[in-house]
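Worksheet for the structure shown next.
Every value quoted in this text rests on a predicted model; they were computed, and no experiment measured them. The basis for the numbers below is simple: all heavy atoms, side chains too, and nothing from hydrogens, waters or symmetry mates.
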Amino acid sequence: MKLLVKWLLLLVIAATPFGCASTGGKGDTQMELGISAAASLTDALTELKHVYENENDEVSITLNFGSSRKLATQIEQGAPADIYLSASTDDMMRLKEKELIIDSTVVNITENSLVLIANKLVENPASSFKQLSSDGIDQISIGEPDSVPAGKYTKEVLEHLQLWAPLKNKLVMGSDVRQVLTHVEMGNADYGVVYASDARTSDKVTVVAEADPFWHSRIIYPGAVVKGSNHPAASEAFLDFVAGKEGKEILQKHGFK
């Protein structure tokens, strides 16, 4: 009889589907949110992800970083994403015009500023953007203006200062703003133009000048829920958190305005 009971119990266990039991632990009914975000948000958004997941057991967040324009193109081509966070209002408008985001969820998350950085090993570095035309400066890294918002803003600055044409042969293009930072850190370029928030992440570079905000378009970071999201309500709740008091404090800690 005992042997029969044992076999019956084994049959019941074998017939029970894995993952169906609820133990009250994280992941029982977990939603996974995919976020495509501007590379300059890497450190701040990584912290925001951990804080939010700790406060919301039912949510798991996956981050995909890159240049805002390339990420917008990925979404246009059908790449899965629940939330899009851009460093450019232009790229957000592009997705809005193509009806790929939920209009009512668009929110401006934060702002940034543009700075000129130099490798810390550079002796007597330039102290202004205007000095970049000096003969002693050979390579300056910037984001690719046609695909990287930081590059577009940098081009506006250089055009305002009438330096775009004179410096064109000195420019080393980066695929996103973090690659520009890496170029300067590794000495592939003595100078680079990045966001203030990026410069704060490195101990290998120094900020030598900040661009006058009147020299370039306003650097705004909008966010929105992607129309194809499987979890629109949860995605909007995360955007509300980022744009709220706790989110703003974390963003400011990482150098955003």
Discussion item. Side-chain heavy atoms under 4.5 Å apart, restricted to Ile/Leu/Val/Met/Phe/Trp/Tyr: what other residues fall into the cluster of Leu95, or is it alone?
Written reply: Leu71, Ile75, Tyr84, Met92, Leu100, Ile101, Val106, Val226
Fill in: Salt-bridge contact Lys245-Glu249 (side-chain N to carboxylate O under 4.0 Å)
yes
If you look only at distance, which donor and acceptor atoms sit under 3.5 Å apart when one is on a side chain in residues 162-171 and the other is two or more places apart or in another chain?
| from | atom 1 | to | atom 2 | distance (Å) |
| --- | --- | --- | --- | --- |
| Lys170 | NZ | Ser134 | O | 2.8 |
| Lys170 | NZ | Ile137 | O | 2.8 |

Item to complete: Using modelled atom types only, decide if a donor and an acceptor are shared between the side chain of Ser86 and the backbone of Ser68 within a distance under 3.5 Å.
Response: no
Practice prompt. Go through the structure and list residues passing side chain to side chain contact (heavy atoms under 4.5 Å, CB included) with Asp90, not counting sequence neighbours.
Written response: Arg69, Ser88, Lys152
Discussion item. Quick one about Thr73 and Arg94 (side-chain donor to acceptor, distance below 3.5 Å, no hydrogens or angles considered), yes or no?
Written reply: yes
Response to the item:
side chain to side chain contact (heavy atoms under 4.5 Å, CB included) filter on Ser229, not counting sequence neighbours, yields Asp82, Val225, His231, Pro232, Ser235
Practice prompt. Check the pair Arg178, Asp43 against side-chain contact (heavy atoms from CB on, under 4.5 Å), reporting the backbone distance first and the verdict last.
Written response: CA-CA 11 Å; Arg178 284 304 175 97; Asp43 297 270; 2.5 Å; yes
Practice prompt. Any chance you could lay out the salt bridge (charged side-chain N to carboxylate O under 4.0 Å, His left out) test for Asp91 and Lys96, step after step, and finish with the verdict?
Written response: CA-CA 9 Å; Asp91 293 308; Lys96 184 176 180 180; over 6 Å; no
Worksheet, complete the sentence: Interatomic distance, OG1@Thr46 vs NE2@His50, rounded to 0.5 Å, equals 6.0 Å
Under 3.5 Å donor-acceptor pairs involving side-chain atoms of residues 184-195, not counting sequence neighbours:
| from | atom 1 | to | atom 2 | distance (Å) |
| --- | --- | --- | --- | --- |
| Glu185 | OE2 | Ser202 | OG | 2.6 |
| Tyr191 | OH | Ala126 | N | 2.8 |
| Tyr195 | OH | Ala150 | N | 3.1 |

Item to complete: State which residues pass side-chain hydrogen bond (donor to acceptor under 3.5 Å, both in side chains) with Lys248; sequence neighbours excluded, sorted by chain then number.
Response: none
Worksheet item: In Å and rounded to the nearest 0.5 Å, what is the CG to OG1 distance from Leu251 to Thr110?
Response: 5.0 Å
Worksheet entry | Transitive ILVMFWY side-chain link Leu63 to Phe256, under 4.5 Å | yes
Worksheet entry | Inter-residue atom distance Leu158.CG - Ile142.CD1, 0.5 Å rounding | 6.0 Å
Worksheet entry | Atom pair CG/NZ of Asp203 and Lys120 - distance to nearest 0.5 Å | 6.0 Å
Practice prompt. Using the rule that two of Ile, Leu, Val, Met, Phe, Trp, Tyr join whenever any of their side-chain heavy atoms come within less than 4.5 Å, decide whether Tyr153 and Val148 are in one cluster.
Written response: no
Discussion item. Given 3.5 Å as the limit, does a donor-acceptor pair link the side chain of Ser67 with the main chain of Ser147, or not?
Written reply: yes
Discussion item. Looking at Asp103, I want to see if its CG is surrounded by more than 12 non-hydrogen atoms of other residues, nucleotides or ligands under 6.0 Å.
Written reply: yes
Worksheet item: Relative to each other, are the rings of Phe238 and Tyr52 parallel, tilted or perpendicular (30° and 60° limits)?
Response: perpendicular
Item to complete: Search all heavy atoms of Gly255 against all heavy atoms of Asn112 and return the closest pair with its distance.
Response: O-OD1, 4.0 Å
Item to complete: Would you please name every residue forming a ring pair (Phe, Tyr, Trp, His ring centres under 6.0 Å) with Phe65, sequence neighbours left out?
Response: none
Fill in: Full working for side-chain contact (heavy atoms from CB on, under 4.5 Å) between Thr62 and Ile35
CA-CA 6 Å; Thr62 300; Ile35 302 177; over 6 Å; no
Worksheet entry | side-chain contact (heavy atoms from CB on, under 4.5 Å) between Ser60 and Met31, intermediate numbers included | CA-CA 6 Å; Ser60 173; Met31 290 178 288; over 6 Å; no
Discussion item. Test of understanding: clusters of I, L, V, M, F, W, Y form through side-chain heavy atoms closer than 4.5 Å, transitively. Do Val115 and Leu161 belong to the same one?
Written reply: yes
Worksheet item: Heavy-atom distance under 4.5 Å between the side chains of Val205 and Leu181, does that happen here?
Response: yes
Discussion item. I need the minimum non-hydrogen distance between Ala38 and Tyr221, along with the two atoms involved.
Written reply: CB-CE2, 4.4 Å
Worksheet, complete the sentence: On a heavy-atom basis, the closest approach of Asp57 and Gln30 is O-NE2, 3.5 Å
Fill in: Residue pair Gly174 / Gln179: nearest heavy atoms and the distance that separates them
CA-OE1, 3.2 Å
Practice prompt. Decide whether Val172 and Val122 are clustered together by the hydrophobic rule: side chain heavy atoms of Ile, Leu, Val, Met, Phe, Trp, Tyr closer than 4.5 Å, transitively.
Written response: no
Worksheet item: So how far is it from Leu48 CG to Ile61 CD1, rounded to the nearest 0.5 Å?
Response: 8.5 Å
Worksheet item: Strictly by modelled atom types, are Glu156 and Ser217 linked by a side-chain donor-acceptor pair under 3.5 Å?
Response: yes
Discussion item. Check whether Arg200 reaches the backbone of Lys253 with its side chain - one donor and one acceptor, N or O, closer than 3.5 Å.
Written reply: yes
Worksheet entry | Any residue meeting side chain to side chain contact (heavy atoms under 4.5 Å, CB included) with Val51, in chain and number order, not counting sequence neighbours | Glu47, Glu55, Phe241, Glu246, Ile250
Worksheet item: Honestly curious: do Leu114 and Met173 fall in one hydrophobic cluster under the side-chain, below-4.5 Å linking rule?
Response: yes
Worksheet item: If you look at every heavy atom in Leu85 and Gly223, which pair is closest and at what distance?
Response: CD2-CA, 3.5 Å
Discussion item. Determine whether a donor-acceptor pair (N or O, by modelled atom type, separation under 3.5 Å) exists between the side chain of Asn56 and the backbone of Glu58.
Written reply: no
Practice prompt. Kindly give the heavy-atom pair with the smallest separation between Ser197 and Ser40, and that separation in Å.
Written response: OG-O, 4.1 Å
Item to complete: Walk me through it: do Lys49 and Leu45 pass the test side-chain contact (heavy atoms from CB on, under 4.5 Å)?
Response: CA-CA 6 Å; Lys49 159 191 158 74; Leu45 196 55; 5.7 Å; no
Worksheet entry | Remaining members of the apolar cluster that contains Leu121, side-chain heavy atoms under 4.5 Å | none
Worksheet entry | All side chain to side chain contact (heavy atoms under 4.5 Å, CB included) counterparts of Glu99, not counting sequence neighbours | Lys227
Worksheet item: When rounded to the nearest 0.5 angstrom, what distance separates CG in Asn64 from CD1 in Ile83?
Response: 12.5 Å
Fill in: Qualifying salt bridge (charged side-chain N to carboxylate O under 4.0 Å, His left out) pairs with a residue from residues 138-147, counting only residues at least two apart or across chains
none
Worksheet entry | Residue pairs, two or more places apart or on separate chains, that pass salt bridge (charged side-chain N to carboxylate O under 4.0 Å, His left out) and touch residues 206-224 | Glu111-Arg218
